[in-house]
Structures are given as C-alpha cells and as structure tokens.
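First listed ligand is number 1; within each ligand, the first listed atom is number 1.
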Amino acid sequence: MRIIFLGPPGSGKGTQAKMIIKDHHVKQLSTGDLLREHRKNDTALGHKAQEYMDAGNLVPDDIILGMVAEELKKPELAAGYILDGFPRTCPQAEGLDKLLREDHKELDHVLVLNVPDEELIRRLTARRSCSQCGHIYNLVFNPPKKDGVCDIDGAELIHRSDDTEETVVNRLAVYKKQTLPLIDHYDQQGLIRYIDGTGNVQDIYKRILDVLR
Ligand code: AP5
C-alpha cells in the first residue's frame with residue numbers, strides 16, 4: 001500500500017498515520033519529522049531548513065526531493081508507505097511521479113483530510129509532542145496524564161516552534177497557495193479520496209479504514 005496524506009497543518013495526518021502504522025504493516029515517511037530530526041542532529045540540511053520551518057514556509061523542493069529519494073531506497077519501505085506532509089508542491093508531486101515510474105510502482109490513494117481553519121488553529125496551538133518517541137498530545141483534546149511528560153516513556157513534551165498562532169496562520173496560507181493545487185494533480189490520476197477530519201480521532205480512523213478497504 002502506498003498512500004499520501006494530504007491535508008492542512010493540524011488536520012491529523014501525523015496522528016492518523018501513527019495509528020495506521022501501529023495496526024498495519026506499513027511505514028510512515030513524514031518529511032516534517034525527517035527535517036526536525038536533521039535539526040536535532042545539527043546536520044547541514046537541518047541548518048538549511050531551519051529558517052523556512054520557523055517562519056512556516058516550505059523548504060525548497062530540491063532539498064526535499066533529494067531527502068525523499070534517499071528515504072524511498074530503504075528496504076523497509078519496499079512493502080509500502082504512508083507519505084505524511086509530502087508532496088506539498090507541484091514540482092514535488094512531479095518528482096514523486098518520476099521516482100515511482102522509475103521504480104515501476106504506483107500510488108493507491110491520496111487521502112485529503114478536511115478540517116475548518118478555526119479548529120486547526122485550536123489544535124495546533126495546544127499540540128505537544130514527546131521529545132523521544134514523537135507521540136502526539138493535545139492539551140485540550142488529548143492531554144498527557146502528567147503535565148509536560150509523555151505517558152509512554154516519561155520523556156519531556158515539547159511545543160513545536162512553528163505552532164505559535166502567527167506561524168500557524170502563515171502555514172495555512174502556504175498550504176492553500178502551494179499544496180491545494182495538488183488535489184487537481186491527483187484527481188487527474190483518479191486517486192483523491194476526501195475524509196471528514198472533524199470529530200473523534202477513532203471515528204476519523206474508521207472513516208480512513210473504510211476508504212482503504
Ligand atoms: P510538518 O511537520 O509536515 O507539519 P504540517 O503539515 O504543518 O502538519 P502538522 O504536523 O502540523 O499537522 P498534522 O496534520 O500532522 O496534525 P497532528 O496529527 O500533529 O511540516 C512542518 C514544516 O516542515 C513545514 O512548515 C515546512 O517548513 C517543512 N516541510 C515539511 N514537509 C515539507 C515538504 N514536503 N516540502 C517543503 N517543506 C516541508 O495533529 C495536530 C494536533 O491536533 C495534535 O495536538 C493532535 O493531538 C490534535 N488532533 C489530531 N486529531 C484530532 C481530532 N480529531 N480532534 C482533536 N484534536 C486532534
């Protein structure tokens with residue numbers, strides 16, 4: 001299974017992808033997580049990406065495509081993957097089409113998670129993630145049992161530097177301008193499936209599984 005999660009920041013791509021990979025034998029490839037890992041490890045790529053990410057702008061396509069091409073060569077992704085946060089621009093989608101063609105592979109679905117803007121801002125400004133295992137919490141909708149500490153491994157919870165209201169508003173504008181046009185790109189390939197991304201996390205998961213079945 002090769003699927004793309006398309007949806008605005010905060011629509012639940014990471015939350016739902018982590019639920020699918022836990023229950024099914026498929027890997028998640030999140031370009032946002034990869035970039036944050038580069039930043040944490042102080043790599044040259046991480047340095048290049050930092051200023052774009054902090055402002056809520058997209059990292060240049062050549063950096064992203066080079067990084068994804070390397071990841072897709074990994075044997076653990078041979079059986080399938082969920083792309084979370086990639087592609088995000090038309091050149092990235094065209095680059096992915098080319099990589100798939102060269103590998104004689106095809107996408108199965110492109111899932112578009114729809115959530116109203118006000119809800120996205122509410123979700124993102126209250127998001128916290130585990131600094132070790134990456135588990136995603138929300139201070140309003142899904143708080144940890146103990147303040148600031150991950151329920152799973154006891155590590156510190158972090159507030160992403162791009163989750164301030166001002167940066168979130170810019171990320172939403174960037175999504176509409178640069179990523180929404182991808183719906184047309186994949187609609188022409190008959191791959192688009194819309195998912196109502198509002199309501200309970202489990203109900204949304206069920207909607208996704210219904211589509212995947
Ligand atoms: P990235 O990390 O990809 O961020 P994003 O797309 O903006 O998406 P998010 O991770 O913010 O949201 P999500 O949809 O995964 O929501 P989540 O499940 O966490 O990208 C960050 C930056 O990296 C970009 O701005 C860019 O600079 C760069 N970048 C990354 N990829 C790139 C690319 N391909 N090209 C160029 N640049 C790139 O949920 C959010 C919150 O809501 C959580 O607190 C969660 O608990 C809560 N929540 C989830 N579902 C529900 C629900 N049903 N009800 C209530 N709360 C919920």
* Asked: Using a distance-only test with no angle check, is there a side-chain donor-acceptor pair under 3.5 angstrom linking T198 and D196?
  ->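 D196 and T198 do have a side-chain donor-acceptor pair below 3.5 Å.
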* Asked: With distance as the sole criterion, is a donor-acceptor pair present between the side chains of D162 and T167 under 3.5 Å?
  ->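 No, no side-chain donor-acceptor contact under 3.5 Å.
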* Above 12 or not: heavy atoms from other molecules or residues under 6.0 Å from CG of D23? ->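 Yes.
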* Hey, is CD on E106 packed in by over 12 heavy atoms from elsewhere, all under 6.0 Å? ->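 Open.
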* Asked: How would you list, by chain and number, the residues with a heavy atom under 4.0 angstrom from ligand 1?
  ->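 Around ligand 1, where the cutoff is 4.0 Å for heavy atoms, the contacting residues are P8, P9, G10, S11, G12, K13, G14, T15, T31, G32, L35, R36, M53, N57, L58, V59, I64, G85, F86, R88, Q92, R123, L124, R127, I136, Y137, N138, F141, R160, D162, R171, G199, V201, I204.
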* Measure from the side-chain N and O atoms of K206 to the backbone N and O of V201, and report whether any donor-acceptor pair falls under 3.5 Å. =>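 No, K206 side chain to V201 backbone: no donor-acceptor pair under 3.5 Å.
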* Asked: Do H185 and D97 pass the side-chain hydrogen bond (donor to acceptor under 3.5 Å, both in side chains) test, and can you show the C-alpha distance, the side-chain angles, and the key distance before you say yes or no?
  -> CA-CA 11 Å; H185 178 91; D97 288 347; 2.8 Å; yes
